[in-house]
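Heads up: numbering here begins at 1 and tracks the sequence. It should be emphasised that the depicted structure is a prediction, and the values quoted were computed from it without experimental measurement.
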Amino acid sequence: MSNLYEKGKTLLFLAGIEAMLIVCIALANLNPHPIQYFIFYNLMYGLIFSFGVPLYVLRKEKESLASVGIKKPGMRQFIVLFLFAVFSVGGQLIPVIAAGRQIPWRRLPMGILPLIMTTFFEEFLFRGFVQSRVEKLFGCFPAIFVSGMMFSLYHIGYPGFRTWEDLLLLFAVGIGFAQSGECRSRE
């Protein structure tokens, strides 16, 4: 019974985090003026719900950052970061180019810091915190599935990712990123 309670409590907690991420991102994109966007996206979504809350839980449970995969970065981590950056920037630029619109190149440097922050927040939350938590309770493959699903669903807050096709593509990307990590308990 205790294990069932722990599983339910964990899934409910993760669903709450997911809901807060969607709300923060949706609020940031309702009126994307720089200060509101910064508050809801970088502060609320990033620092509080993607990093602060999981960090608080780790501290409360007396776990180290290594338990969520934070370690000295190696070549594999740099490759994943590079690929994420390429796909993120490309994913934003390709539709603009395809539509024949002018690309505001002067704004590209302003997108670099948020891109790096988002990459860190997503990796820390979905592939670190969420995947490790679910893996402890349910095993490797459910952890990969839940991590990929949460990665996909949190994009509902973004105006450009609300179709089933987008969510399925993001789910596949989330599964791919989740599989790039190592399962601690092989099934």
Search all heavy atoms of Ile144 against all heavy atoms of Ile175 and return the closest pair with its distance. O-CD1, 3.4 Å
With sequence neighbours excluded, tell me which residues meet side-chain contact (heavy atoms from CB on, under 4.5 Å) with Arg101. Val96, Ala99
Set of side chain to side chain donor-acceptor pair (under 3.5 Å) partners for Gln102, sequence neighbours left out: none
Sequence neighbours excluded, which residues qualify as side-chain contact (heavy atoms from CB on, under 4.5 Å) partners of Ile17? Phe13, Leu21, Val53, Leu125
Please find the pair of heavy atoms, one from Ser50 and one from Pro54, that lie closest to each other, and give the distance. O-CG, 3.5 Å
Pairing residues for Met20 by the side-chain contact (heavy atoms from CB on, under 4.5 Å) criterion, not counting sequence neighbours: Phe49
With a 4.0 Å cut-off, would you call Arg133 and Glu63 a salt bridge? yes
Taking the side chain as everything from C-beta on, heavy atoms only, tell me whether Leu14 gets closer than 4.5 Å to Phe129. yes
Apply side chain to side chain contact (heavy atoms under 4.5 Å, CB included) to the pair Tyr56 and Ile48, showing each step before the final yes or no. CA-CA 10 Å; Tyr56 172 78; Ile48 293 176; over 6 Å; no
Testing the basics here: between Ser132 and Val68, what is the closest heavy-atom pair and its distance to 0.1 Å? OG-CG1, 3.8 Å
If I take atom CD from residue Glu18 and atom CZ from residue Phe151, how far apart are they, to the nearest 0.5 angstrom? 11.0 Å
Exceeds 12 heavy-atom contacts within 6.0 angstrom, atom NZ of Lys7: yes
Does anything in residues 138-156 form a side chain to side chain donor-acceptor pair (under 3.5 Å)? List the pairs, not counting sequence neighbours. Tyr45-Tyr154, Glu122-Tyr154
Using the rule that Ile, Leu, Val, Met, Phe, Trp and Tyr join whenever any side-chain heavy atoms are under 4.5 Å apart, tell me whether Phe177 and Leu168 fall into a single cluster. no
Spatial distance of atom CD (Glu6) from atom CG (Leu11) [nearest 0.5 Å]: 10.0 Å
To the nearest 0.5 Å, what is the distance between CD (Gln179) and CZ (Arg127)? 11.5 Å
Does the side chain of Phe121 reach to within under 4.5 Å of the side chain of Leu47, using non-hydrogen atoms? yes
Interatomic distance, Leu58 atom CG to Lys60 atom NZ [nearest 0.5 angstrom]: 12.0 Å
What is the minimum heavy-atom distance between Pro142 and Gly139, and which atoms define it? CD-O, 3.6 Å
From Gln131 atom CD to Phe145 atom CZ, the distance as rounded to the nearest 0.5 Å: 13.0 Å
Straight-line distance of Leu27 CG to Ile22 CD1, nearest 0.5 Å: 12.0 Å
Sequence neighbours excluded, which residues qualify as side-chain contact (heavy atoms from CB on, under 4.5 Å) partners of Asn29? Ile25, Tyr37, Tyr158, Pro159
